[in-house]
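Worksheet: one structure, shown below.
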Amino acid sequence: MTQTPLAPRTTGTPPAVRNGRARVLLRVLAIVSCLPYLSLKVAWTAGSQVGIPDGSPLLDHRTTMAVVNGGTVLMDGAVIVLALLLTQAWGRRVRAWTLALPMWVASGLLLPIMAGLPVQLLVAAVTGRSPASADSRSFLDDWVFALVYPGFVVQGLALGALFALYARDRWGHLWQGALRDLPASPTDPALRAAAVAASLLAVAPATMHLLWAAGSAAGLNGTGTTERTDDFHALQALDALFVAAAVAGVLLLAFRRSGGLSLKVPLVLAWGGSGAVACSGGWMSVASLAGVAEAADRPTTAMGLTYAVQMLVGMLVVTLGAYFFAERAAAAGTAGPRA
């Protein structure tokens, strides 16, 4: 088998910024799409009840919700910072991990919404029912979801496109070629062992999501047992698909059975799948710890373990990806930490 080495980078100077009209437009879209969510969160932190119906459990936990709202304001504000970083000269000088880590988290939080919203709308069109569950309507007015969630989709699309362009310009040489072009490495056995470990761990959350998608109530809380909707089942299937994507990506990188496959395919699967799996599990875990839910809405032990294992799987896969890129950068003669 012929192995094609990476072309070495002879300079550590970041490439020049190339901001055409498309990038400027994407930056504007990313920033503007944050404004509805940020405006509502700031209003709620200040004590406003706009969009929150009387009797909502959110009104019973004002201090906790103020802290949560403050945190989510920072998270959405980070989208604006990332949009600027990806299109400004100073953004070419940041270390790789200071950009890759928040982009991975942003991908993990936004991808389930970007994929889930069309799925919910499709289910609603087929069944003739609202995609918002009765439980969600008791927390917030319907118009809040109609305003905010399309904004999340626009954020994800714009930010994802900007990152793809940025990564192509700065690190495109690291994912050239096909799987069969990858040279042998002393770390290959460790990568394969870790990939198998991640795959075995992933069996548990994938199984639970598939069971819930198929209609089983095993391990669900009171609300999940009695108030499941059609879109709930569809979203559980989507969660299982994200787990499968993460596992497929890391196994392809580790074992390289599909030699002619473009290297971009397993990298995209591992990036998107691990982010969605880890961040959705983390988000659900944090939400359960916030203590604002009624007893019937609180995660059961089985649900908590599912979310926790999801986080482990996602973090393991992205860590393997980081080592893979560090090795590729070293082989290309690129300064690893700043590559």
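Quick note: residue numbers are just sequence positions, from 1.
Within the 4.5 Å cutoff, side-chain heavy atoms of Phe232 are placed close to those of Leu220. With a 4.5 Å cut-off on side-chain heavy atoms, Leu241 and His209 do not count as touching. Looking at Leu320 and Leu191, their side chains come closer than 4.5 Å, going by heavy atoms from C-beta outward. Proximity of Gln176 to Leu263: side-chain heavy atoms (C-beta onward) are nowhere separated by under 4.5 Å. The side-chain heavy atoms of Leu26 and Leu157, taken from C-beta on, include no pair separated by under 4.5 Å. Residues Phe324 and Thr187 form no side-chain contact, since every pair of their non-hydrogen atoms from C-beta on lies 4.5 Å or further apart. Taking the side chain as every heavy atom from C-beta outward, Ser185 and Asp188 approach each other to under 4.5 Å. Side-chain contact check for Met75 versus Lys41: every heavy-atom pair is 4.5 Å or farther apart.
Going from atom CH2 of Trp171 over to atom CZ of Arg328 covers 15.0 Å, rounded to the nearest 0.5 Å. Separation of atoms CE (Met284) and SG (Cys279) is listed at 13.5 Å; rounding is to 0.5 Å. To the nearest 0.5 Å, atoms CG (Leu261) and CZ (Arg180) are separated by 10.0 Å. Taking CG from Leu122 and OG1 from Thr127, the interatomic distance works out to 9.0 Å, rounded to the nearest 0.5 Å. Considering CG of Leu238 and CD of Gln120, their distance stands at 9.5 Å, rounded to 0.5 Å. A distance of 5.0 Å separates CZ of Arg27 from CD of Gln88, quoted to the nearest 0.5 Å.
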Task: Criterion side chain to side chain contact (heavy atoms under 4.5 Å, CB included) on Leu86 and Leu165, from CA distance to verdict - done: CA-CA 9 Å; Leu86 293 170; Leu165 294 170; over 6 Å; no

TODO: For Val317 and Val277, run side chain to side chain contact (heavy atoms under 4.5 Å, CB included): C-alpha distance rounded to whole Å, both residues' side-chain angles, the deciding distance at 0.1 Å, then the answer.
DONE: CA-CA 10 Å; Val317 171; Val277 167; over 6 Å; no

Open item on the list: side chain to side chain contact (heavy atoms under 4.5 Å, CB included), that's the test. Do Leu109 and Phe152 meet it? Break it down for me.
Closed with: CA-CA 9 Å; Leu109 292 173; Phe152 286 148; over 6 Å; no

- [ ] Report the C-alpha distance between Met65 and Leu59 in whole Å, list the side-chain angles of each, state the deciding distance to 0.1 Å, and finish with yes or no for side chain to side chain contact (heavy atoms under 4.5 Å, CB included).
- [x] CA-CA 8 Å; Met65 290 312 302; Leu59 300 176; over 6 Å; no

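Listed here is the closest heavy atom pair of Gly77 and Leu38: N-CD2, 4.1 Å. Here the shortest heavy-atom pairing between Leu117 and Pro150 reads CD2-N, 4.1 Å. Across every non-hydrogen atom of Ala213 and Ala237, the tightest pair is CB-N, 3.6 Å. Between Pro266 and Leu179, the shortest heavy-atom contact is CG-CD2, 3.9 Å. Minimum interatomic distance between Val123 and Ala234 (heavy atoms only, all atoms of both residues): CG2-CB, 3.9 Å. Of all heavy-atom pairs between Ala100 and Trp271, the closest is O-CH2, 3.5 Å.
Open room surrounds OH on Tyr149; 12 or fewer heavy atoms of other groups in view lie less than 6.0 Å from it. Within a 6.0 Å radius of CE in Met315, no more than 12 heavy atoms belonging to other residues, nucleotides or ligands are found. Atom CZ of Phe255 has more than 12 heavy atoms from other residues, nucleotides or ligands within 6.0 Å.
Under the 30°/60° scheme for interplanar angles, the aromatic rings of Tyr166 and Phe163 are found to lie parallel. Classified by interplanar angle (parallel below 30°, tilted 30° to 60°, perpendicular above 60°), the ring pair Phe325/Trp175 is perpendicular.
Remark: side-chain polar atoms of His233 are paired, donor with acceptor, to backbone N or O of Trp212 under 3.5 angstrom. A donor-acceptor pair is defined here as one N or O able to donate and one able to accept, closer than 3.5 Å; such a pair exists between the side chain of Arg256 and the backbone of Leu253. For the pair Thr72 (side chain) and Asn69 (backbone), a donor-acceptor distance under 3.5 Å is present. A donor-acceptor distance shorter than 3.5 angstrom exists from the side chain of Thr300 to the backbone of Met303, with no hydrogens or angles considered.
There is a path of hydrophobic side-chain contacts, each under 4.5 Å, that joins Leu85 to Ile31. When the side chains of ILVMFWY residues are joined at heavy-atom separations under 4.5 Å, either directly or via intervening members, Val318 and Leu312 end up in two distinct hydrophobic clusters. In the hydrophobic clustering of this structure, Leu74 does not group with Met103; members are Ile, Leu, Val, Met, Phe, Trp, Tyr whose side-chain heavy atoms approach within less than 4.5 Å, directly or through other members. In this structure, Leu147 is a member of the same hydrophobic cluster as Val50, with clusters built from ILVMFWY side-chain heavy atoms closer than 4.5 Å. Tracing side-chain contacts under 4.5 Å through hydrophobic residues (I, L, V, M, F, W, Y), one reaches Val94 starting from Trp104; they form part of the same cluster.
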